[in-house]
Amino acid sequence: MIRRQFLQKQHLAVSTPRPSIGITSTRLFSTSPAPQSSDPKQKPATTKPHTIDPRWLTMMKRRVGRCMMFGLKPTQIDEAGGILQQLARDWRELVAGSEGYLTNETRRGLFRHNVVWGEMDTMGHVNNVTYVRYAETARVNLTRNIGIHIDPANRKRWSNLLNSTGIGLILRSIKVDYKFPMTYPDKISVYHKLVHDPTAAPSQYAFELQVIILSEARQRPAARCHEDIVTYDYKGKKKTALPPYVMEQFKAMWELQEEAKKVWQQRIVDIENQVRTLELESWDRADAVEDTGSAKK
């Protein structure tokens with residue numbers, strides 16, 4: 001039931017891939033012309049599902065734009081538009097979901113959160129400490145969301161994890177990797193994921209989370225964090241094992257993370273294959289002529 005609900009909320013509808021045209025090399029991450037194939041019967045190399053680098057979205061858009069420069073048929077224009085719509089609609093899922101982050105509204109910590117001018121420092125970018133606060137706020141929201149939307153039977157217990165009156169959570173350490181200097185104005189989305197399978201975790205008293213902070217202006221990670229969290233008994237004044245209701249949800253969360261990787265990594269391959277097919281039908285063929293419009297008159 002949990003898996004079905006997750007998939008329904010992840011916008012999994014995709015446009016039907018066009019028939020592939022033969023190539024010897026897909027050159028999926030290249031923005032320069034690929035070698036032209038002399039054998040039209042050759043089939044494209046099949047790529048395995050994979051994650052993407054920070055420039056992937058930009059390169060896909062550029063590649064589609066290059067196809068349009070050489071002129072496309074009406075059906076091809078519709079497909080190119082569909083690809084661009086997918087990239088605009090699902091870019092967070094393609095970037096974060098392909099790594100296993102759960103991005104639907106019941107799991108995300110922050111969504112399109114405004115970066116405010118006062119968060120910048122004298123260096124003209126968002127202060128480094130602010131990213132830690134983003135991660136903290138998202139972690140609190142995730143904990144609350146699990147209790148409200150996913151495990152309402154234990155809603156009060158999930159809420160109490162954020163207090164210091166019983167069993168609670170203590171951040172033991174956090175590491176931040178800054179990817180680029182983010183500035184105002186911008187919007188961020190922040191997601192968490194488990195680092196270890198709960199059934200094989202190195203400790204029964206702690207768990208680790210990875211955090212991705214996405215910039216909407218750049219459509220890529222502005223920072224990544226690694227959090228080490230301990231379960232603490234405030235009344236007994238000692239660390240304690242993860243409560244059973246937490247373990248149950250973490251197990252379900254881990255399964256969903258693994259499934260999200262498969263779904264969105266396959267979507268990446270589908271988009272790449274669609275773009276490559278457009279390239280072979282437009283500029284990457286022996287008789288291709290660039291459409292220069294009125295400039296050629």
Side-chain angles (χ1 to χ4, degrees), residues 7-8 10-99 103 214-221 259-297:
L7 293 175
Q8 288 174 346
Q10 287 292 319
H11 310 295
L12 298 183
V14 297
S15 58
T16 303
R18 296 171 60 86
S20 299
I21 296 178
I23 57 174
T24 55
S25 175
T26 57
R27 295 171 60 86
L28 295 176
F29 292 100
S30 176
T31 55
S32 59
Q36 295 176 345
S37 172
S38 59
D39 185 359
K41 296 182 180 180
Q42 288 181 335
K43 295 183 179 180
T46 303
T47 58
K48 296 180 180 180
H50 57 84
T51 56
I52 56 181
D53 68 22
R55 296 195 306 150
W56 185 87
L57 286 166
T58 299
M59 287 190 290
M60 287 298 107
K61 294 173 186 176
R62 288 178 179 174
R63 289 173 62 180
V64 173
R66 182 176 175 83
C67 293
M68 292 180 173
M69 289 174 60
F70 280 78
L72 297 175
K73 298 177 181 178
T75 55
Q76 295 171 331
I77 292 175
D78 290 341
E79 181 166 359
I83 294 172
L84 294 176
Q85 286 178 350
Q86 287 185 66
L87 296 177
R89 181 191 64 221
D90 299 334
W91 70 271
R92 297 175 187 84
E93 285 74 21
L94 292 166
V95 174
S98 64
E99 296 184 19
T103 58
L214 296 180
S215 160
E216 188 165 304
R218 299 283 192 93
Q219 291 193 336
R220 62 186 179 93
E259 190 162 358
K261 287 182 188 178
K262 296 177 182 178
V263 170
W264 291 106
Q265 288 182 14
Q266 183 58 50
R267 177 75 68 83
I268 288 169
V269 173
D270 293 342
I271 291 174
E272 290 172 339
N273 287 337
Q274 285 180 274
V275 172
R276 187 61 188 138
T277 299
L278 282 178
E279 290 175 331
L280 291 166
E281 293 177 345
S282 56
W283 65 265
D284 196 7
R285 66 179 197 272
D287 60 342
V289 178
E290 185 174 359
D291 183 1
T292 58
S294 61
K296 63 183 178 182
K297 295 180 181 179

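FYI, the numbering just counts along the sequence from 1.
Using a cut-off of 4.0 Å between Lys/Arg side-chain N and Asp/Glu carboxylate O, E259 and K262 are scored as not salt-bridged. Under 4.0 Å is where a charged nitrogen must lie from a carboxylate oxygen, and between E279 and R63 at least one such pair does.
Atom CD1 of residue I83 and atom CD of residue Q86 lie 7.0 Å apart, to the nearest 0.5 angstrom. Note that the OG1 atom of T103 and the CG atom of L214 stand 9.5 Å from one another [nearest 0.5 Å]. Separation of atoms CZ (R62) and CZ (R55) is listed at 7.5 Å; rounding is to 0.5 Å. Atom OG1 of T75 sits about 7.5 Å away from atom CD of E281, to the nearest 0.5 Å. We find the CG-CG distance between L278 and D284 to be 12.0 Å, quoted to the nearest 0.5 Å. Interatomic distance, D90 CG to I268 CD1, rounded to the nearest 0.5 Å: 11.0 Å.
Nearest heavy-atom pair across S98 and W264 is N-CB, 3.6 Å. Across M60 and V275, no two heavy atoms sit closer than the pair SD-CG2, 4.1 Å. Here the closest heavy-atom approach between residue A80 and residue L72 is recorded as CB-CD1, 4.1 Å. Nearest approach of S282 to G71, heavy atoms of both residues: CB-O, 4.3 Å.
Every side-chain hydrogen bond (donor to acceptor under 3.5 Å, both in side chains) that S215 has, sequence neighbours left out, goes to D186. Remark: Q266 engages D270 in a side-chain hydrogen bond (donor to acceptor under 3.5 Å, both in side chains) (not counting sequence neighbours). Under the rule for a side-chain hydrogen bond (donor to acceptor under 3.5 Å, both in side chains), the partners of Q219 that lie at least two apart in sequence or sit in another chain are K61. Taking P54 as the reference, R220 meet the side-chain contact (heavy atoms from CB on, under 4.5 Å) condition, with sequence neighbours excluded. Residues forming a salt bridge (charged side-chain N to carboxylate O under 4.0 Å, His left out) with E99 (at least two apart in sequence, or on another chain): R224.
When the options Q265, K261, E272 are evaluated for a side-chain hydrogen bond (donor to acceptor under 3.5 Å, both in side chains) with H50, the one that passes is E272.
R267 is listed as a side-chain neighbour of L94, based on a closest heavy-atom distance under 4.5 Å.
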